[in-house]
Amino acid sequence: MNQKEAIAAGKTSLGIEFGSTRIKAVLIGEDSAPLAQGSHEWENQYENGIWTYSLDAVWHGLADCYSKLAADVKTTYGEELTVIGSIGFSAMMHGYMAFNKNGELLVPFRTWRNTTTERAADLLTKEFHFNIPQRWSIAHLYQAILNQEEHVKDIAFLTTLAGYIHWKLTGEKVIGIGDASGMFPIDSSTKDYDATMIEKFDRLTASRSYPWKLKEILPKTLCAGEAAGTLTSEGAKLLDSSGRLQAGIPLCPPEGDAGTGMAATNSVAVRTGNVSAGTSVFAMIVLEKELQNVHQAIDLVTTPSGDPVAMVHCNNCTSDLNAWAGLFREFADCLGLDIDMNQLFSILYNKALDGDADCGGLLAYNYFSGESITGFEEGRPLFVRSAESRFNLANFMRVHLFTALGALKNGLDILLKEEKVNIDKIFGHGGLFKTPVVGQRIMAAAMNTPVSVMETAGEGGAWGIALLASYMQNKADGESLSDYLNQKVFNGENGVEISPDSNDVTGFDEFLKRYNAGLPIERAAVDTLK
């Protein structure tokens with residue numbers, strides 16, 4: 001069956017992921033190779049002290065993204081997209097979407113980017129003896145309770161962005177276990193929310209006399225491969241405004257961007273890991289044993305199959321790098337030079353490899369928003385140097401690449417040096433790795449571990465959720481997600497590996513000392529520049 005026939009027969013899987021700045025759709029065939037793509041650019045808004053996206057932006061973005069995918073199918077294959085074998089939705093994890101019994105959003109969507117739940121996160125961490133990060137849904141809920149927000153009593157359903165979209169398209173209040181693990185702690189033995197902690201939370205809030213118990217308002221957890229409902233006629237119209245797409249298409253469990261990153265990099269097995277580096281950055285390592293201690297910098301989440309994962313998540317990564325690249329592009333325009341942005345990034349990134357190992361004494365912070373690992377509820381992008389610093393373009397670009405991973409490095413040192421976590425393979429994906437070699441080399445220096453990038457890494461989370469949709473539809477009886485990915489998707493591909501350079505490792509360690517010592521400078525900027 002050729003590609004045109006496969007599309008006509010619905011021998012395909014569709015993945016759509018809502019990222020921080022782009023909604024992307026990828027249609028794949030039975031061989032898992034992309035057939036068509038579509039995308040829609042969007043941006044979060046900072047309104048009344050909250051980072052948010054409007055529901056109108058969600059549905060307009062979804063429809064536009066899908067229409068571009070359908071147009072790509074029509075242009076490339078001459079086929080109208082009317083039937084699809086399976087569909088999956090993914091989105092940024094965490095955050096807070098609370099609905100009443102009529103399905104109405106009670107307060108604007110509070111995204112992962114908000115750092116307004118410090119008190120709730122600290123109290124829950126102590127109560128559970130389990131790290132609850134500020135961006136987790138349960139931290140947002142408990143903070144709303146502590147704030148005595150009026151809407152809390154009316155909550156009938158609490159979910160994530162992916163869970164919300166899935167609910168509206170299928171009518172099913174379910175969630176993939178990986179996405180669920182960013183809402184509330186998961187017990188990997190039961191593949192469900194931790195029952196003991198659920199009871200603790202209910203006892204903690206009993207005096208408030210709310211008309212709900214926590215388990216009643218959370219979505220049902222599902223593991224990769226389980227059926228999660230079908231596309232309703234109303235859902236089909238929301239997805240495809242042309243009305244051509246048929247209802248009844250099966251959907252896989254909605255997943256978070258962490259889970260799709262694991263699928264897209266074939267890092268769902270024990271002792272494998274991946275680093276996703278874009279607007280935010282997170283590293284995930286599938287654990288072979290429990291951590292010895294509770295660490296504020298380490299999240300414990302799961303794979304899409306429910307296996308435990310240690311995650312280091314940072315709110316900031318490439319936004320400041322992109323801003324500086326934009327400044328250089330503006331300068332080039334003033335000179336009358338027509339430079340492609342990909343070429344500009346390649347020139348600037350590669351120049352960083354000519355810099356001093358420790359960035360020549362330069363210091364930068366890439367904090368567009370708060371960074372909980374280093375204790376910041378807000379951020380101010382900052383560049384600092386002394387008169388003695390070796391200030392040149394190579395060191396300037398190197399320090400901005402290093403600082404993109406500065407907070408992450410602090411968290412990784414806990415895992416690798418204190419907890420002695422073992423890693424066999426680390427895979428990189430995301431915008432930081434688009435320029436060959438450079439991002440890999442910097443990441444390898446930060447982790448002091450070889451880092452691999454596959455040819456498929458650029459496909460991203462939309463491809464990852466398409467793989468999970470395909471796995472649900474096409475797996476053999478008893479076939480694990482790890483086996484399916486190894487045998488039917490990646491076929492032994494391990495990517496291009498770069499080992500850490502000893503000078504880079506030493507230089508990053510020296511930079512990190514300066515980075516941590518200089519945090520009071522960032523604090524002064526936050527406190528002073530309102």
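Computed from a predicted structure; not experimentally measured. Starting from 1, each residue takes its place in the sequence as its number.
Taking CG of Leu300 as the start and CD of Glu290 as the end, the distance is 8.5 Å to the nearest 0.5 Å. Within the model, atoms CG of Asp307 and CG of Leu481 stand 9.5 Å from one another, a figure rounded to the nearest 0.5 Å. Here the straight-line distance linking atom CD1 of Ile414 with atom CG of Leu291 works out to 10.0 Å at 0.5 Å rounding. Atom-to-atom distance recorded for Glu377:CD and Glu118:CD is 7.0 Å, nearest 0.5 angstrom. Rounding to the nearest 0.5 Å gives a distance of 4.5 Å between CG of Leu416 and CD1 of Ile423. The structure places NE2 of His40 at 5.0 Å from CD1 of Ile23, a figure rounded to the nearest 0.5 Å.
Residues Thr221 and Lys191 form no side-chain contact, since every pair of their non-hydrogen atoms from C-beta on lies 4.5 Å or further apart. No side-chain heavy atom of Phe109 sits under 4.5 Å from any side-chain heavy atom of Tyr164. Looking only at side-chain heavy atoms (C-beta outward), Trp463 and Pro34 come within less than 4.5 Å of each other. Residues Ile198 and Phe201 fail the side-chain proximity criterion, which asks for heavy atoms closer than 4.5 Å. In this structure, Asp72 and Leu69 have side chains that are not in contact, with every pair of non-hydrogen atoms separated by 4.5 Å or more. No side-chain heavy atom of Thr117 sits under 4.5 Å from any side-chain heavy atom of Tyr96. In this structure, Thr115 and Ser369 have side chains that are not in contact, with every pair of non-hydrogen atoms separated by 4.5 Å or more. Between Asp194 and Phe128, the closest side-chain pair of non-hydrogen atoms is not below 4.5 Å.
Legend: residues meeting side chain to side chain donor-acceptor pair (under 3.5 Å) with Ser86, ordered by chain and number and at least two apart, are Ser13. Residues passing the side chain to side chain contact (heavy atoms under 4.5 Å, CB included) test with Asp56 are Ser54, sequence neighbours excluded. Looking at residues two or more places apart in sequence or on another chain, you find a side chain to side chain contact (heavy atoms under 4.5 Å, CB included) between Asn486 and Asn266, Ser482. In this structure Asn44 satisfies the side chain to side chain contact (heavy atoms under 4.5 Å, CB included) test together with Trp51, Tyr53, Arg113, sequence neighbours excluded. Taking Thr260 as the reference, Glu17 meet the side chain to side chain donor-acceptor pair (under 3.5 Å) condition, with sequence neighbours excluded. For Arg271, the side chain to side chain donor-acceptor pair (under 3.5 Å) partners at least two apart in sequence or on another chain are Glu288, Asp424. Listed by chain and number, the residues in a salt bridge (Lys or Arg N to Asp or Glu O under 4.0 Å) with Lys425 are Glu497 (sequence neighbours excluded). Take Ala120 and apply the side chain to side chain contact (heavy atoms under 4.5 Å, CB included) test, not counting sequence neighbours, and it matches Tyr142, Gln143, Leu146.
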What side-chain donor-acceptor pairs closer than 3.5 Å can you find for residues 171-185, not counting sequence neighbours?
residue: Asp179; atom: OD2; partner: Thr160; partner atom: OG1; Å: 2.8
residue: Ser181; atom: OG; partner: Gly178; partner atom: O; Å: 2.6
residue: Ser181; atom: OG; partner: Thr302; partner atom: N; Å: 3.2

Which pairs of donor and acceptor atoms, one on a side chain in residues 212-220, lie under 3.5 Å apart (sequence neighbours left out)?
residue: Trp212; atom: NE1; partner: Val152; partner atom: O; Å: 3.0
residue: Lys215; atom: NZ; partner: Asp192; partner atom: OD2; Å: 3.3
residue: Glu216; atom: OE1; partner: Lys213; partner atom: N; Å: 3.0

Open item on the list: Working note: Thr279 + Phe368, criterion side chain to side chain contact (heavy atoms under 4.5 Å, CB included); need CA distance, chi angles, decisive distance, verdict.
Closed with: CA-CA 10 Å; Thr279 304; Phe368 265 57; over 6 Å; no
Open item on the list: Applying side chain to side chain contact (heavy atoms under 4.5 Å, CB included) to Ile28 and Val26, what does each step give before you reach the verdict?
Closed with: CA-CA 6 Å; Ile28 65 173; Val26 174; 3.8 Å; yes
Open item on the list: Please evaluate residues Ser267 and Val286 with respect to the criterion side chain to side chain contact (heavy atoms under 4.5 Å, CB included), reporting the C-alpha separation (whole Å), side-chain torsions for both, the decisive distance (0.1 Å), and the verdict.
Closed with: CA-CA 8 Å; Ser267 51; Val286 186; 5.8 Å; no
TODO: Take Arg110 and Thr116 through the side chain to side chain contact (heavy atoms under 4.5 Å, CB included) test and state the conclusion after the steps.
DONE: CA-CA 10 Å; Arg110 299 169 182 177; Thr116 57; over 6 Å; no
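Residues Cys317 and Ala277 come closest through the heavy atom pair SG-CB, 4.0 Å. Scanning all heavy atoms of the two residues, the minimum distance from Ala310 to Ile298 falls at CB-CG2, 4.0 Å. Closest approach of Pro253 to Ala228, counting heavy atoms only: N-CB, 3.5 Å. Closest of all the heavy-atom pairs between Val268 and Thr272 is N-OG1, 3.7 Å. Here the closest heavy-atom approach between residue Leu245 and residue Ala236 is recorded as O-CB, 3.7 Å. The two residues Ala297 and Gly411 make their nearest non-hydrogen contact at CB-CA, 4.3 Å.
Residue pairs meeting the salt bridge (charged side-chain N to carboxylate O under 4.0 Å, His left out) criterion with at least one member in residues 475-492, sequence neighbours excluded, are Glu479-Lys488. The list of salt bridge (charged side-chain N to carboxylate O under 4.0 Å, His left out) pairs with a residue in residues 229-244, not counting sequence neighbours, reads Glu80-Arg244.
Annotation for Lys153: atom NZ counts as buried by contact number, over 12 foreign heavy atoms lying within 6.0 Å.
At distances below 3.5 Å, at least one donor-acceptor pair connects side-chain atoms of Asp31 with backbone N or O atoms of Ala33. At least one donor-acceptor pair under 3.5 Å links the side chain of Glu5 to the backbone N or O of Asn2. Formation of a donor-acceptor pair under 3.5 Å by the Glu419 side chain with backbone atoms of Asn293 is found in this model. The backbone N or O of Phe427 lies less than 3.5 Å from no partner atom in the side chain of Ser452, so there is not a single donor-acceptor pair. No donor-acceptor pair closer than 3.5 Å links the side chain of Asn131 to the backbone N or O of Val294. When atom types are taken as modelled, the side chain of Trp42 and the backbone of Gly19 share a donor-acceptor pair closer than 3.5 angstrom. No donor-acceptor pair under 3.5 Å is formed between the side chain of Asp122 and the backbone N or O of Arg119. Side-chain atoms of Thr52 do not come within 3.5 Å of backbone N or O of Ile50 as any donor-acceptor pair.
Ring-centre distance between His94 and His140: not below the 6.0 Å cut-off.
Ion pair Lys68/Asp64 flagged as a salt bridge, since at least one NZ, NE, NH1 or NH2 atom sits closer than 4.0 Å to an Asp/Glu carboxylate oxygen.
Between His313 and Phe282, the ring planes lie parallel to each other; the angle is under 30°, not in the 30° to 60° tilted range.
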